[in-house]
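Input: a single structure, listed below in structure tokens.
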Amino acid sequence: MSGAAAVPRGRRIGGLVRACHPVPAAAVTGLAAAMAIGAGRGPAGTLLTTGAVAAGQLSIGWSNDLIDRQRDAAAGRTDKPLALDDVTAPRVRAATGWAVAACVLLSAACGTAAATVHLAAVATGWAYNLRLKAGPWSWLPYAAAFALLPAFVTLALPGRPWPAATVLGAGALLGVAAHFANVLPDLTADRAAGIRGLPQRLGLRASAALAVLAATAAALLLAPGWPVLAVTAPPAAATLLAPRGRLPFLAVILATAVALGLLLTHGGLRGG
């Protein structure tokens with residue numbers, strides 16, 4: 001390409017947005033906002049929590065595509081803006097730097113304990129991008145980050161309480177489910193690019209099964225019983241029978257929504 005000027009402004013902006021992995025970033029940010037509201041963080045606290053998580057997710061998404069840009073280009077990835085030259089590496093690098101700075105400042109405004117936990121969660125996302133995504137431990141950063149997310153919310157409350165143990169466990173399970181569900185649509189392309197995380201090693205059907213089972217287990221951990229299964233079992237069974245397409249991802253979203261609803265309804269975010 002002759003230079004950034006050769007790419008229309010709208011295409012550059014669109015490329016920057018797509019490079020941040022907007023759907024997962026928005027989902028995690030929305031989850032944090034809902035938990036902050038449910039925990040009673042108030043308008044200002046909810047805005048700080050939401051902003052910090054959004055900035056952290058942006059930094060993780062942009063750094064992911066930045067780190068993998070050469071591998072994505074070599075594999076002919078048509079879904080990666082950097083590989084298509086829709087946006088330049090310096091522009092994404094600058095955006096990543098601003099996102100990191102915003103994440104640190106907004107997290108710090110939530111208090112030392114909360115900031116430490118949230119920055120540790122963001123660090124696990126960077127560890128995934130830098131190394132762990134290509135190995136059998138690819139699920140671990142997701143499990144750790146999702147378990148720490150409710151802790152970021154509660155540690156900013158008066159008394160700095162930790163979440164209930166069931167909340168931490170459900171968060172870890174949702175993280176595993178999110179990892180497998182998020183990777184499924186790109187499984188073949190990832191393999192072509194040389195990425196050999198756990199989902200790529202296990203294959204489509206086993207990964208789809210693990211995604212929906214982990215999400216369902218998270219909901220059951222918060223509220224064991226048949227009512228939860230009545231909601232989560234049908235899409236889970238459909239996914240096991242037809243694991244291709246977006247069905248596993250939608251099944252995980254449904255189970256996650258059930259888990260979040262149970263969490264907020266039962267007021268179980270804070271530990272005893």
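- Looking at heavy atoms from C-beta onward, N64 lies in side-chain contact with K133 at the 4.5 angstrom threshold.
- Here I37 contributes atom CD1 and M35 contributes atom CE; the two are 11.0 Å apart, rounded to the nearest 0.5 Å.
- When all heavy atoms of A208 and L184 are compared, the closest pair comes out as CA-CD1, 3.8 Å.
- Linking Ile, Leu, Val, Met, Phe, Trp and Tyr residues whenever their side-chain heavy atoms come within less than 4.5 Å leaves V17 and V87 in two separate clusters.
- The side-chain contact (heavy atoms from CB on, under 4.5 Å) test with H118 singles out one residue from T49, V53, L148, and that residue is V53.
- Looking at heavy atoms from C-beta onward, R77 lies in side-chain contact with D190 at the 4.5 angstrom threshold.
- Between the side chain of W162 and the backbone N or O of L168, no donor-acceptor pair lies under 3.5 Å.
- Here the CG-CD1 distance, from N129 to I67, works out to 5.0 Å after rounding to the nearest 0.5 Å.
- The side-chain heavy atoms of L149 and V28, taken from C-beta on, include a pair separated by under 4.5 Å.
- Side-chain atoms of Q200 come within 3.5 Å of backbone N or O of G197 as a donor-acceptor pair.
- Smallest separation of non-hydrogen atoms from I60 and G125: CD1-CA, 3.9 Å.
- Residue R41 is tested with L47, L157, T154 for a side-chain contact (heavy atoms from CB on, under 4.5 Å); the sole match is L157.
- Few gaps surround CZ on R93; more than 12 heavy atoms of other groups in view lie less than 6.0 Å from it.
- Under a hydrophobic clustering in which Ile, Leu, Val, Met, Phe, Trp and Tyr are joined whenever their side-chain heavy atoms come within less than 4.5 Å, directly or via other members, V122 and V153 fall into different clusters.
- Closest approach of L221 and A170 over heavy atoms only: CD2-N, 3.4 Å.
- For the pair F180 and L198, the minimum side-chain heavy-atom distance is below 4.5 Å.
- Note: the hydrophobic cluster containing L31 also contains F152 (ILVMFWY, side chain heavy atoms under 4.5 Å, direct or indirect links).
- In this structure, D186 CG and I195 CD1 are separated by 9.0 Å, a value rounded to the nearest 0.5 Å.
- Contact annotation: the side chain of P199 approaches that of L187 to within less than 4.5 Å [non-hydrogen atoms, C-beta and beyond].
- Residues V100 and W62 have side chains not in contact (no heavy-atom distance under 4.5 Å, counting atoms from C-beta outward).
- Atoms OG1 and CG, on T124 and L132 in that order, are 9.0 Å from each other to the nearest 0.5 Å.
- When all heavy atoms of S107 and A115 are compared, the closest pair comes out as O-CB, 3.2 Å.
- Checked by atom type, the side-chain pair S59/W98 shows no donor-acceptor distance below 3.5 Å.
- Between C103 and A55 the shortest heavy-atom distance is N-CB, 3.6 Å.
- Here H179 pairs with Y128, Y142 under the ring-ring contact (aromatic ring centres under 6.0 Å, His included) rule; sequence neighbours left out.
- A donor-acceptor distance shorter than 3.5 angstrom exists from the side chain of T216 to the backbone of V212, with no hydrogens or angles considered.
- Both L16 and L82 sit in one connected hydrophobic cluster of ILVMFWY residues. Membership requires side-chain heavy atoms under 4.5 Å apart, directly or through other members.
- For R131, the CZ atom is loosely surrounded, since the number of other residues' heavy atoms within 6.0 Å does not exceed 12.
- Residues G135 and R201 approach most closely at CA-NH2, 3.9 Å, considering heavy atoms.
- Judged by distance alone, with hydrogens and angles left aside, the side-chain atoms of R69 form no donor-acceptor pair with the main-chain N or O of A89 at under 3.5 Å.
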Please list, one pair per line, the donor and acceptor atoms closer than 3.5 Å that link side chains of residues 19-26 to other protein atoms, with sequence neighbours excluded.
residue	atom	partner	partner atom	Å
H21	NE2	D65	OD1	2.7

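- Contact annotation: the side chain of L210 never approaches that of V176 to less than 4.5 Å [non-hydrogen atoms, C-beta and beyond].
- The residues R71 and D68 are annotated as salt-bridged, a charged nitrogen and a carboxylate oxygen being separated by less than 4.0 angstrom.
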